[in-house]
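Beneath this line is the structure, given in structure tokens, with notes to follow.
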Amino acid sequence: MPELPEVETVRRGLERWVVGREIVAVQVLHPRAIRRHEAGADDFAALLIGQQVEAAMRRGKFLWLPLASGDALVAHLGMSGQLLVENADLPDEKHLRVRLRFADGDPELRFVDQRTFGGLAVSAGGAALPGSLAHIGRDPLDPEFDDDAFVEGLRRRRTGVKRALLDQTLTSGIGNIYADEALWIARVHWARATENLPRPVCRTLLAAVREVLTAAIEAGGTSFDALYVNVNGQSGYFDRSLHVYGREGEPCDRCGTPLRRSKFMGRSSYWCPKDQPQPRHPHY
DNA sequence: CCTCATTCCTGCGGGC
DNA sequence: TGCCCGCAGGAATGAG
């Protein structure tokens with residue numbers, strides 16, 4: 001599942017293989033993949049053709065490619081999206097949704113997405129943050145991230161701490177896997193109330209988020225292939241470093257207590273019942 | 001404004 | 001063996 005570290009790995013691939021090149025052809029093979037571009041496929045293509053890609057940017061789980069026109073090509077990988085840099089003679093993937101070709105020939109850029117939760121769109125306001133991403137908060141690895149504002153924002157929420165981490169407006173880039181990992185590192189139960197959460201706990205949690213995101217980016221970097229912009233949907237290289245996610249019943253790496261799994265927000269939360277004690281007044 | 005449930009989608013694997 | 005159903009889950013949407 002692409003969260004911030006996986007998306008950052010893709011961004012680095014785009015920076016290397018796509019920035020500086022001019023788009024000359026756009027093929028939309030599935031309309032749902034550009035559903036967030038409300039003007040449709042023809043408009044989407046017209047805004048891209050002839051444009052040079054000037055940079056590869058990221059905020060949270062969103063990517064964007066600023067264009068010479070001042071617009072930006074915005075991408076979100078959703079659950080199963082991949083941006084692949086491949087030579088045109090390679091056979092189309094089963095779930096190929098959008099293809100971009102460039103003035104200098106190979107390689108082309110392909111958006112492949114089995115479940116079509118992700119998608120592409122052209123948004124105005126490319127050089128800075130595209131307008132369509134105005135509601136996405138800075139992620140914890142952004143140099144301009146404001147730690148104090150995060151702590152106070154968290155303490156103003158009337159919800160559970162994991163729900164707050166998954167909300168992309170307070171901060172961004174954290175998904176179900178890294179939320180559970182960070183909460184385990186910080187020894188905080190996922191249903192602990194955010195309201196007036198002690199500031200030291202907030203800071204410990206923020207540090208844990210940074211720790212796990214940074215470590216995962218390093219792991220993601222090791223799997224980067226020279227030819228592909230690698231979105232490894234299986235993320236096999238992360239599995240070995242996960243402490244709680246997907247490990248129900250296995251012993252906690254710190255204390256040996258069997259890990260638990262709870263249903264929450266329609267998905268699973270994994271946690272250690274000893275290190276992350278259930279709060280007296282949980283907020284689900 | 002704030003919080004939260006619902007909905008979108010497809011492949012896989014467990015159970016019978 | 002084959003079918004059904006649950007599960008994986010990010011973020012837009014609308015209800016309250």
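Here the structure is a predicted model, which is why all the values come from computation and not from measurement. Here is the naming used below: chain letters follow the sequence lines, and residue numbers restart at 1 for every chain.
A/D139 has no carboxylate O lying under 4.0 Å from a charged side-chain N of A/R210, or vice versa, which leaves the two without a salt bridge.
Considering only the side chain of A/H135, C/dA12 comes nearest among C/dA11, C/dA12, C/dA8. Side-chain proximity of A/R36 to the nucleotides C/dA8, C/dA11, C/dA12 is greatest for C/dA12.
Across the protein-nucleic acid pair, A/I34 atom CD1 and C/dA12 atom C1' stand 17 Å apart, rounded to whole Å. Atom pair A/D180:CG and C/dG10:P shows a separation of 10 Å (rounding to whole Å applied). What separates CG of A/N176 from C1' of C/dC7 is a distance of 12 Å, to the nearest Å. Distance, A/L165 CG to C/dG10 P: 12 Å, rounded to whole Å. Taking atom CG of residue A/L4 and atom P of nucleotide C/dG10, one finds them 13 Å apart after rounding to whole Å. Atom-to-atom, CD1 of A/I177 to C1' of C/dC7 comes out at 14 Å; the value is rounded to the nearest Å.
Taking the six-membered ring where the residue is Trp, the centroids of A/F145 and A/F150 are separated by under 6.0 Å.
Both tests do not hold together for A/R97 against A/F111: distance to the six-membered ring centre under 6.0 Å, angle to the ring axis within 45°.
Sorted by first and then second residue, the pairs that involve residues 255-271 of chain A and meet salt bridge (charged side-chain N to carboxylate O under 4.0 Å, His left out), not counting sequence neighbours, are A/E248-A/R261.
Looking only at atom types and distance, the side chain of A/H243 has a donor-acceptor partner in the side chain of A/D253 under 3.5 Å away. Remark: the A/S269 side chain and the A/K162 side chain contain an N/O donor-acceptor pair separated by less than 3.5 Å.
At a threshold of 4.0 angstrom between heavy atoms, the contacts of A/S80 with the nucleic acid are absent.
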#### Entry: Per-nucleotide protein contact string for nucleotides 2-11 of chain B, where B marks a base within reach and S marks sugar-phosphate only (heavy atoms under 4.0 Å, - for neither)
-SSS--BBBS

